[in-house]
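Right, one structure below, let's go through it.
Keep in mind that the numbers below use all heavy atoms, side chains included, and drop hydrogens, waters and symmetry copies. Whatever order the structure lists them in is the order used to number ligands and atoms, beginning at 1.
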Amino acid sequence: MAVGFEYPDLSVAAIRAGLAAHDFSAREVAQAAIARVDALDPQVHAFLEPTPELALAAAERIDAALAGTDAHNAADASAAATHNTALDSLGPLAGVPIAFKDNMNQLGTHTTCASLMLKDYTAPFSATCVERAIAGGGLPLGKLNMDEFAFGSSTETSAFGRTYNPWDLERVPGGSSGGSAASVAAGMVTVALGSDTGGSIRQPASFCGVVGMKPTYGVVSRYGVVAFGSSLDQVGPFGRTVADIAATLDAISGRDLRDCTSQEVTTCFTDYLERGVAGMRIGIVSALTDAPGIELEIVTATHQAVKRLESLGAHIVEVELPNAAAALAAYYVIGPCEAFSNLSRFDSVRYGYREPDAADLGEQYEQSRAHGFGPETIRRIMLGSYLLSSGVYDTYYYPAQQVRTLITQDYQRAFEQVDALITPVSPRTAFRFGEIADPTSMYLSDIFTIPINIAGNGGLSLPVGLGETSGLPVGVQIIGPQFSDENIIQVAAALEATYDIRRRAPLEAGIHASIEDRLGTPLKAPTQASAEGGRQ
Ligand code: GLN
């Protein structure tokens, strides 16, 4: 057994290697993860429901399977090799602490979507992504906070309290998958799953300095994930490295007969980590990168990333996406219409909170929905209800679908010229709680991520260090052609290797220490800790 391993920085590959070498057991990894959640989550509040007993049970299954093969092969000289084969058969996430956004059903746990409406709902089954992550060897640590029903960009709309950005506890972690991003950034779990309808994986990943990927629509099954916008929703992983993202995607991707939009995926994403970008064509969109209103440090970080790709041998090509600017408008028609339809099931009869003192059925519906849903959810439902009403439908919903087709064609044309695109993720770094109060400004957080959901392509947010002005994490977005998500992994892994940056929020100085104390000065220089712990 190892004498104390550094759990918070362990990568998927390091856990695998440690298990293979008997440096530690899956049980010890689970215990370290549980201890870290216990120590940090009272301040970060990434978890809505920790499940330590499920993590320990999963770890024991893994240890038992490994011990079984070891005993069986005790007399065999190739026992070590067989031990590794046993690990392979346990799946790409063997012994890896993982947690799930709370819109994902996991048998026996609550699925609240961070809403009072579903406060007492217990999942009678598991979502396919959850099932595959656990079948792939993951140790399920719990359910993670989010914006209510995934409406939002800051996790401030959760009915159960905010999540704090581990890099600066006075700031939002982004959203809607804020709990997923914060749990990975704080080193509580190695990887996490989130969902992304307009940016909800990529924006919080960039705010929390971790990697987050929304695969092409159809790569991961949505079965068992509470629907927001069914034509836009996609599940994807968070991790501290691109390699951890690839391993998680290997575990959860592929066809699922219970989601007819899911597709066969035969790609092994992990195979694309070392291929480099020499000769690849990578597109930039100047109209986006240099758009007004973007913080200068975001523009600078994006330009620097482009230069690095060029020096690795990629050909940089300027492309145009003439209709992308209309994506936000189309999204705020299509998204609320689909949400209105999907959320009609939470009616206090079939599902959800029921107002106890209603006089009749009409009043029960009315009051249960008025009290069970928060203000942003009600805003989306009202908007969808209006946009789908007769007379209005032809003016908004129908043209929004036409615009969607034009945007999709823009991306198809761009990907005839390039193998991947690089753009910013978010126009700014993590903001303070309450700083963005009006809904329209909040909606503008997603101008770089929403077009990708509208077109259906995959996109990944890669951390590229701390902004010179804000001292906060900045990400760049790598986008791929539809169903060529391996291009994204290939480019992101090559670009990632050029940065020597921290992958985890600097919490060593104590979670109550000031941001300056925790970051040290100067902000941009890699610290000793990052040089030692930043890479596995
Ligand atoms: N922030 C966007 C919204 O509020 C996207 C949310 C998401 O991707 N779930 O709709």
Side-chain angles (χ1 to χ4, degrees), residues 100-104 113-115 129 144-158 163 172-181 192-208 212-217 220 222 225-238 327-343 373-384 387 400 404 425-428 430-431 436-461 475 477:
F100 307 111
K101 186 173 181 177
D102 207 32
N103 59 353
M104 296 169 183
C113 292
S115 179
C129 58
L144 298 161
N145 203 8
M146 55 186 283
D147 279 297
E148 186 181 18
F149 285 104
F151 304 133
S153 307
S154 65
T155 314
E156 289 171 294
T157 71
S158 167
T163 293
V172 305
S176 63
S177 312
S180 309
L193 298 188
S195 64
D196 188 312
T197 307
S200 279
I201 291 175
R202 292 158 289 160
Q203 184 256 21
S206 78
F207 278 20
C208 289
M213 179 168 178
K214 179 201 95 75
T216 299
Y217 182 82
V220 182
R222 295 169 300 114
V225 181
V226 179
F228 161 179
S230 304
S231 75
L232 301 157
D233 297 342
Q234 182 61 194
V235 170
F238 288 84
L328 196 67
Y331 173 84
Y332 277 100
V333 174
I334 297 167
C337 288
E338 294 186 3
F340 163 71
S341 165
N342 278 323
L343 269 64
F373 291 133
E376 184 59 29
T377 303
I378 291 178
R379 185 175 295 115
R380 305 280 176 124
I381 293 172
M382 301 286 280
L383 199 54
L387 292 166
R404 182 172 195 173
V425 183
S426 167
R428 55 165 305 167
F431 43 89
I436 301 190
D438 80 289
T440 316
S441 308
M442 190 69 91
Y443 299 168
L444 286 168
S445 294
D446 299 314
I447 48 168
F448 299 123
T449 49
I450 278 176
I452 320 305
N453 300 75
I454 292 284
N457 298 55
L460 175 147
S461 173
Q477 181 173 217

Which parts of the protein, at residue level, reach under 4.0 Å of ligand 1 through a heavy atom? Ala150, Phe151, Gly152, Ser153, Ser176, Asp196, Thr197, Gly198, Gly199, Ser200, Phe228, Tyr331, Tyr332, Arg380, Asp446
Rounded distance [0.5 Å steps], CZ in Phe228 versus CG in Asn342: 9.5 Å
Below 4.5 Å, heavy atoms only, C-beta onward: do Tyr217 and Arg222 meet side chain to side chain? yes
What do you reckon, are the aromatic ring centroids of Phe207 and Phe431 less than 6.0 Å apart? yes
Pairs touching residues 195-206 that satisfy salt bridge (charged side-chain N to carboxylate O under 4.0 Å, His left out), sequence neighbours left out: Asp196-Arg202
Within-4.5 Å side-chain heavy-atom neighbours: Glu148 and Ser158: no
Residue that, paired with Ser180, satisfies side chain to side chain contact (heavy atoms under 4.5 Å, CB included) out of Leu144, Asn145, Thr155: Leu144
